[in-house]
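Encoded as structure tokens, the structure appears first; notes follow it.
Each ligand, and each atom within it, is numbered from 1 in the order the structure gives. All residue numbers in this chain count up from 1 along the given sequence.
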Amino acid sequence: MELVTDIVPLRNRLSKESSVAFVPTMGNLHEGHLSLVETAQQRADCTVVSIFVNQLQFSPTEDYGQYPRTLEKDCSLLKDMDVDVVFIPDKQTLYPEPQEFLLMLPPVAHILEGKFRPGFFRGVTTVVLKLLNIVQPQKVIFGKKDYQQFYIVDKMVKQLNLPIEIIACDTVRMHDGLAQSSRNCYLNKNQRFESVRLYQSLHQIKRSIEEGNKNFKMLQDDVIKKMIQHNWNIDYITIQQRNTLEPATVNDKELIVLGAAWLGDTRLIDNMEIHI
Ligand code: PAF
């Protein structure tokens, strides 16, 4: 495994590869990331993982400063998986001058996560586009836990004609259903116990819809009420059309229920696809 910190050596190293699959991350790797790496390895000869905590996607009130940085452990995990190249740029390498060119994002970037985290998708799309231009992979792998992120990056890749296949991988969960996330490490023991309620709530909605219940508002309101009783602060729990991320209507067949909620100071997100 090679560790590369600069753009020119990275391009030189990759120039001899016929197919490259790329997994962009912010580090603090967990089983979810490792499943993305496994997919990358199955889909190309050379796998590149980037580790970069991208300040541009954090608002000033968010956890950029305290975001877990576990570089040594991450590299050891990637080495065990026999990853070919780990790209670890610093801020100066990715943003040598103020980033003045930014994408104008579509309305879908201003709902759900975009509504509660203004600037988030602008930061994500900017860094992902830069990383894709730097790595120039044939394939890029994203997890569906951040479904809206995958959806927006997929649209960006298609609408900007990047010659890259985007591959989405299923969410990896803990034994009790909690989605694997770098932010789970913020949870104390009681919160960790309670955290599974987000998964259970989304699952309850999914099951009810699959059983024929189409009263989406009631389904959403019921779980929100229950979660609030258990001290959650809800940003959203909502049933949307999967192919547009617009609110679902009773005639839609491909749905997704998405949720974001706070337990104490920790914000958790999750989603579940629903087919009826
Ligand atoms: O999902 C993440 O970890 C980040 O948003 C990403 C895609 C690596 C961009 O910084």
Side-chain angles (χ1 to χ4, degrees), residues 4-5 7 10 20-37 39-40 47-59 62-71 73-75 77-78 83 85-95 99 102-103 105 108-109 112-114 116-135 137 139-157 160 162 164-172 179-186 258 260 266-271:
V4 186
T5 54
I7 295 173
L10 180 75
V20 172
F22 174 45
V23 182
T25 81
M26 298 205 299
N28 193 29
L29 304 181
H30 50 67
E31 293 289 323
H33 295 109
L34 302 187
S35 85
L36 305 183
V37 171
T39 302
T47 296
V48 179
V49 177
S50 67
I51 299 178
F52 179 70
V53 185
N54 176 41
Q55 188 165 8
L56 201 65
Q57 70 193 67
F58 289 78
S59 78
E62 287 181 330
D63 55 347
Y64 173 70
Q66 77 189 87
Y67 195 84
R69 287 156 174 90
T70 54
L71 191 58
K73 186 169 158 248
D74 295 343
C75 287
L77 286 169
L78 296 174
V83 163
V85 178
V86 183
F87 180 46
I88 316 170
D90 64 12
K91 215 165 150 183
Q92 184 62 22
T93 303
L94 276 197
Y95 298 107
Q99 186 69 34
L102 299 160
L103 291 172
L105 301 183
V108 68
L112 305 169
E113 287 302 284
F116 289 92
R117 305 183 66 189
F120 172 66
F121 287 119
R122 176 163 274 187
V124 168
T125 50
T126 304
V127 81
V128 170
L129 187 54
K130 284 163 82 77
L131 288 167
L132 292 177
N133 283 331
I134 292 166
V135 178
K139 299 176 185 190
V140 64
I141 325 291
F142 277 88
K144 285 200 215 167
K145 198 210 110 201
D146 299 290
Y147 191 89
Q148 192 181 8
Q149 169 174 277
F150 153 68
Y151 181 94
I152 288 169
V153 172
D154 185 47
K155 276 222 172 303
M156 175 182 81
V157 164
L160 296 180
L162 304 186
I164 299 172
E165 180 190 351
I166 174 159
I167 299 166
C169 292
D170 287 337
T171 302
V172 177
Q180 293 267 5
S181 163
S182 299
R183 290 190 167 94
N184 291 349
C185 67
Y186 298 150
L258 305 113
T266 305
R267 186 173 186 275
L268 299 175
I269 70 169
D270 200 352
N271 68 78

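Heavy-atom contacts of Q149 reach the following atoms of ligand 1: 1 (O), 2 (C), 4 (C), 5 (O), 7 (C) (cutoff under 4.0 Å). Heavy-atom contacts of M26 reach the following atoms of ligand 1: 3 (O), 4 (C), 8 (C), 10 (O) (cutoff under 4.0 Å). Applying the 4.0 Å criterion to heavy atoms of Q57 picks out, from ligand 1, the atoms 4 (C), 5 (O), 9 (C), 10 (O). Using a 4.0 Å cut-off to heavy atoms of V127, the atoms of ligand 1 that qualify are 9 (C), 10 (O).
Polar contact with ligand 1: absent for D146 (N/O pair, distance under 3.5 Å). Residue T25 has no N or O atom closer than 3.5 Å to an N or O atom of ligand 1.
Smallest separation of non-hydrogen atoms from E62 and Q57: OE1-O, 3.8 Å.
Residue L56 holds its CG atom at 10.0 Å from NZ of K91, rounded to the nearest 0.5 Å. Interatomic distance, OG1 of T47 versus CG of L36, reported as 11.0 Å (0.5 Å rounding).
Within the 4.0 Å heavy-atom cutoff, F142 counts among the residues contacting ligand 1.
No side-chain N or O of Y67 forms a donor-acceptor pair with one of N54 less than 3.5 Å apart.
The aromatic rings of Y95 and F52 sit tilted relative to each other, their planes meeting at an angle between 30° and 60°.
Close placement of the Y147 and F150 rings is indicated, their centers lying within 6.0 Å of each other.
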